[in-house]
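What follows is a short report on a single structure.
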Amino acid sequence: MNTPVVTRFAPSPTGFLHIGGARTALFNWLFARANGGKFLLRIEDTDRARSTPEATEAIFNGLKWLGLDWDDEAVSQAARMDRHAEVAHQMLENGSAYKCFATQEEIAAFRDAAKAAGTSTVYRSPWRDATDLPDAPYVVRLKAPREGEIVVEDAVQGRVAWKSETLDDLILLRSDGTPTYMLAVVVDDHDMGVTHVIRGDDHLTNAARQVLILDAMGWPRPVYAHIPLIHGEDGAKFSKRHGAPGVEDYRDMGYPAEAMRNYLARLSWSHGDDEFFTTAQAIEWFGLDAISKGAARFDFKKLDNLSGQHIRAMDDADLTQLLTDYMALQQMPVPGPEIRESLTQAMPALKERAKKLPDLIEMGHYLLTSRPLEMDAKAASQIDDVSRGMLERLTERLRNVTWTHTDLEATIKAFAGEEELKLGKVMQPMRSALTGRSTSPSIFDVLVHLGREESLARIDDVLAAG
RNA sequence: GCGCCCUUCGUCUAGUGGUCUAGGACGUCGCCCUUUCACGGCGAAAACACGGGUUCGAGUCCCGUAGGGCGUACCA
């Protein structure tokens with residue numbers, strides 16, 4: 001039996017949950033669930049100036065919406081500062097770290113000079129092996145190896161190596177005694193028992209330095225998996241410019257979370273030719289070995305298509321629930337039980353032509369409004385004296401027909417034949433009268449959904465207005 | 001500047017030395033279905049960044065070049 005898998009997602013609470021972060025969280029979650037392990041959440045709030053409780057809340061909400069439930073309590077990194085400092089002092093004692101008394105000004109001056117001279121900007125502290133220490137503020141630095149290479153075996157990137165001389169002695173504790181990110185991550189991951197570190201490949205270089213801390217403490221290394229970043233549709237880094245950098249934007253646009261998980265999972269990960277799959281399937285199939293190394297671009301067209309497929313695959317009652325939840329979230333009037341019931345009944349017709357939740361609202365508009373209907377401009381253009389006359393003659397027939405899809409269809413088609421009208425000439429004015437829109441599900445469906453009384457009343461309204 | 005990573009159709013990707021005249025999906029175009037829109041069906045155009053090797057044989061391995069990304073903080 002192997003050690004149980006423990007993964008984690010460790011965002012900084014400095015804003016919303018970024019789409020890239022969401023994908024990282026998803027991969028961690030998928031991997032944990034696929035292996036019967038734990039998925040932990042740690043808020044990296046040590047940058048007090050930039051961290052806010054609102055942002056933490058936004059991250060929680062984003063993850064919840066996506067359905068990425070985490071195990072145990074979320075850990076606050078800031079709350080663990082003492083523990084981080086403790087480890088730094090252990091390292092001081094075991095000789096893998098040292099006190100450096102160089103001031104920030106000195107170091108900055110060194111770097112400026114090195115840059116100007118075109119030489120290495122890696123700072124070499126003169127205090128590394130000093131024995132005569134002054135009584136002054138100091139920083140704790142890692143005593144990193146200066147020869148050989150540092151090798152990280154990455155589950156995605158493969159073997160990655162750095163020459164030791166290209167890395168400096170990173171700072172563990174600042175001169176005010178607070179821990180740096182580099183130290184905190186390593187200590188927290190170790191203490192939390194994290195076995196697999198799955199994160200963006202912007203951290204790949206950090207792995208080299210973090211591994212050194214691990215080695216210094218004699219702690220085992222986790223499996224690293226540095227996954228590629230997500231780019232915007234133009235290939236540049238995903239940002240506000242691309243319209244929707246946060247997961248809540250996607251929620252607001254009306255993409256079902258299931259579709260979002262499906263789409264996000266397909267960015268830099270694949271399972272053969274499978275494009276459309278459920279979350280359960282993703283869990284079953286997910287593995288680190290199928291993650292590719294190249295960055296992926298975000299493509300709304302494909303997301304839309306996938307989203308439409310998920311909507312069509314969903315259970316009608318569930319979909320109605322999802323839709324009304326969405327309407328509530330968007331501060332729209334929420335339909336009552338009766339309308340909800342008719343929405344569910346009509347759902348097979350509505351969802352045929354929807355990609356996102358708002359499409360369902362637009363398609364089901366005729367069920368959500370009540371008489372007298374307000375027509376939009378396109379719908380109104382279908383109504384004139386000629387079409388009114390036609391509608392009037394048709395209505396006479398409709399009063400006596402059995403109110404079923406087949407009979408309605410037969411009657412209306414026969415009527416169109418007798419009047420020598422193309423079917424569209426009959427249907428579009430009817431659509432205007434019944435739905436107030438120029439697009440809707442099939443008119444026969446609409447008629448059935450609305451029922452005889454309501455349908456005829458809506459048409460009569462239009463006739464009366466003439 | 002230095003370090004590291006990446007590079008198959010417009011986009012997401014399959015591909016782990018021969019079965020690749022490179023497969024799928026989205027998108028695009030055409031046809032069909034059709035009361036609009038959509039869905040669905042059929043079909044088409046569309047890619048191994050470039051240059052050297054290694055090998056009987058390279059999309060697959062190696063080295064360069066170009067392009068892109070990330071990092072290079074007493075930020076995370």
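Fair warning: this is a prediction, and the values are worked out from it, not measured in the lab.
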task: Measure from the side-chain heavy atoms of A/D47 and tell me the nearest of B/C74, B/A76, B/C12.
output: B/A76
message: Once you apply a heavy-atom cut-off of 4.0 Å, does A/S438 come out as touching a base, just sugar-phosphate, or nothing?
response: base
- prompt: Roughly how far apart, to the nearest Å, are B/C42 and B/U36 at atom C1'?
  reply: 23 Å
message: Distance check needed: B/C12 P versus A/F277 CZ, whole Å only.
response: 16 Å
query: Does the gap between the ring centers of A/F39 and A/F31 come in under 6.0 Å?
result: no
Residue matched to B/U16 through Watson-Crick or wobble contacts both under 3.5 angstrom: none
- request: Verify whether one side chain among A/N262 and A/E258 offers a donor that lies under 3.5 Å from an acceptor in the other.
  value: no
- prompt: Quantified in whole Å, what is the P atom distance between nucleotide B/U60 and nucleotide B/U16?
  reply: 13 Å
task: Select base, sugar-phosphate, or nothing to describe what A/E44 touches, counting heavy atoms under 4.0 Å on all strands.
output: sugar-phosphate
- prompt: So what does A/I412 touch, heavy atoms closer than 4.0 Å: a base, only the sugar-phosphate, or nothing?
  reply: nothing
query: With distance as the sole criterion, do the side chain of A/S442 and the base of B/U35 form a donor-acceptor contact below 3.5 Å?
result: yes
task: Report yes or no: do A/S307 and A/D304 form a side-chain donor-acceptor pair below 3.5 Å?
output: no
task: For A/A208, answer base if it contacts any base atom (sugar-phosphate contacts may also be present), sugar-phosphate if it contacts only those atoms, and nothing otherwise; contact means non-hydrogen atoms under 4.0 Å.
output: nothing
task: Provide, to the nearest angstrom, the distance between the CZ atom belonging to A/F415 and the C1' atom belonging to B/U35.
output: 14 Å
message: Taking donor-acceptor contacts at under 3.5 Å, does the side chain of A/D202 reach the base of B/G71?
response: no
task: Taking atom P in both B/A47 and B/C61, compute the distance separating them and give it to the nearest angstrom.
output: 22 Å
message: Starting the side chain at C-beta, find the nucleotide from B/G3, B/A25, B/G69 nearest to A/L229.
response: B/G69
- prompt: Among B/A38, B/C4, B/A76, which nucleotide sits nearest the side chain of A/L204?
  reply: B/C4
query: When rounded to the nearest Å, what value does the distance between P atoms of B/A14 and B/A76 take?
result: 36 Å
message: Closest approach to the side chain of A/R266, judged atom by atom: which nucleotide of B/G1, B/U13, B/U11 is it?
response: B/U13
message: Using a 4.0 Å heavy-atom cut-off, does A/M182 contact any base of the nucleic acid, only the sugar-phosphate backbone, or nothing at all?
response: base
- request: Check every strand shown and say whether A/L303 touches a base, only sugar-phosphate, or nothing at a heavy-atom separation below 4.0 Å.
  value: nothing
- prompt: With a non-hydrogen cut-off below 4.0 angstrom, is A/A102 in contact with a base, only sugar-phosphate, or nothing?
  reply: base
message: If the cut-off is 4.0 Å, is A/T205 near the phosphate of B/C70, judged by side-chain N/O to OP1 or OP2?
response: no
field: Identified pairing partner of B/U65, criterion: Watson-Crick or G-U wobble below 3.5 Å
entry: B/A49
query: Is a side-chain donor or acceptor of A/D249 paired with a backbone partner of A/G246 at a separation under 3.5 angstrom?
result: yes
field: Nucleotide B/U72, atom P - distance to CG of A/N206 in whole Å
entry: 7 Å
field: Any donor-acceptor N/O pair, A/H196 side chain to A/R8 backbone, under 3.5 Å
entry: no
Nearest-nucleotide comparison on RNA chain B, the residue closer to the 5′ end among A/R431 and A/T46: A/R431
message: For a quick check of understanding: with a heavy-atom distance under 4.0 Å over all strands, which category does A/D274 fall into, base, sugar-phosphate or nothing?
response: nothing
field: Value in whole Å for how far the P atom of B/U16 lies from CG of A/L288
entry: 20 Å
- prompt: Centres of the A/Y98 and A/W127 rings: under 6.0 Å?
  reply: no
field: 5' precedence on RNA chain B between A/I443 and A/D176 (nearest-nucleotide basis)
entry: A/I443
Residue matched to B/A44 through Watson-Crick or wobble contacts both under 3.5 angstrom: B/U28
field: Options B/C37, B/C74, B/G27, nucleotide nearest the side-chain atoms of A/S175
entry: B/C74
- request: Would you classify A/S270 as touching base, sugar-phosphate or nothing, given that sugar-phosphate means primed atoms plus P, OP1 and OP2, and contacts are heavy atoms under 4.0 Å?
  value: sugar-phosphate
query: Is the phosphate of B/C5, meaning OP1 or OP2, less than 4.0 Å from a side-chain N or O of A/K293?
result: no
Distance, P atom - from B/C50 to B/C9, rounded to whole angstrom: 10 Å
- prompt: Is there a donor-acceptor contact under 3.5 Å from the side chain of A/D189 to the main chain of A/V186?
  reply: no
- request: Compare the minimum distances between each of B/G1, B/C12, B/C6 and the side chain of A/Q157, then state the nucleotide with the smallest one.
  value: B/C6
- request: Would you indicate what A/K422 reaches in the nucleic acid, counting non-hydrogen atoms under 4.0 angstrom: base, sugar-phosphate, or nothing?
  value: nothing
- request: Please state how far atom CG in A/D168 lies from atom C1' in B/G3, giving the value in whole angstrom units.
  value: 12 Å
message: Would you say A/R111 places a side-chain N or O within less than 4.0 Å of OP1 or OP2 belonging to B/G1?
response: no
message: Between B/G15 and B/U35, how many Å separate the two P atoms, rounded to a whole number?
response: 44 Å
query: Among side-chain atoms of A/R397 and A/T411, is any donor-acceptor pair under 3.5 angstrom?
result: no
message: Parallel, tilted or perpendicular, judged at 30° and 60°: which one describes the rings of A/F298 and A/Y250?
response: tilted
A/S164 side chain vs A/G148 backbone, donor-acceptor pair below 3.5 Å: yes
- request: For B/U13, take OP1 and OP2 only and decide whether either is under 4.0 Å from a side-chain N or O of A/S268.
  value: yes
- prompt: For B/C70, which nucleotide in any strand shown is its Watson-Crick or wobble partner with both distances under 3.5 Å?
  reply: B/G3
- prompt: Is the distance from OP1 or OP2 of B/G40 to the nearest side-chain N or O of A/R312 less than 4.0 Å?
  reply: yes
task: Just compare B/U35, B/C37, B/G24 and give me whichever is closest to any side-chain atom of A/L423.
output: B/U35
message: Taking the minimum atom-to-atom distance to the side chain of A/K302, which one of B/A25, B/A38, B/U11 wins?
response: B/A25
query: What does B/C37 pair with, Watson-Crick or G-U, if both distances are under 3.5 Å?
result: none
message: The side chain of A/A296 is closest to which nucleotide in this list: B/U13, B/U35, B/A76?
response: B/U13
- request: Kindly indicate whether the side chain of A/R353 and the base of B/C37 share any N or O donor-acceptor pair separated by less than 3.5 Å?
  value: yes
task: Just call it for A/F276: base, sugar-phosphate, or nothing, with non-hydrogen atoms closer than 4.0 Å on any strand.
output: nothing
message: If I pick the P atom on B/A58 and the same atom on B/C39, what distance separates them, to the nearest angstrom?
response: 44 Å
query: Across all strands shown, which nucleotide pairs with B/U21 by Watson-Crick or G-U wobble geometry, both distances under 3.5 Å?
result: none
- prompt: Just wondering, are more than 12 heavy atoms of other shown residues or ligands nearer than 6.0 Å to NZ in A/K425?
  reply: no
- line: When rounded to whole Å, the CG to C1' distance for the pair A/D273 and B/G15 reads 10 Å
- line: Side-chain atoms of A/Q428 come closest, of B/A76, B/U35, B/C26, to B/U35
message: Rounding to an integer number of angstrom, what distance separates B/G59 and B/U21 when you compare their C1' atoms?
response: 14 Å
- prompt: Which part of the nucleic acid, if any, lies within contact of A/V160, taking any heavy atom under 4.0 Å across all strands shown: a base, the sugar-phosphate backbone alone, or nothing?
  reply: sugar-phosphate
- prompt: Which part of the nucleic acid, if any, lies within contact of A/H226, taking any heavy atom under 4.0 Å across all strands shown: a base, the sugar-phosphate backbone alone, or nothing?
  reply: nothing
- line: Rounded to whole Å, the CE-P distance (A/M347 to B/A38) equals 20 Å
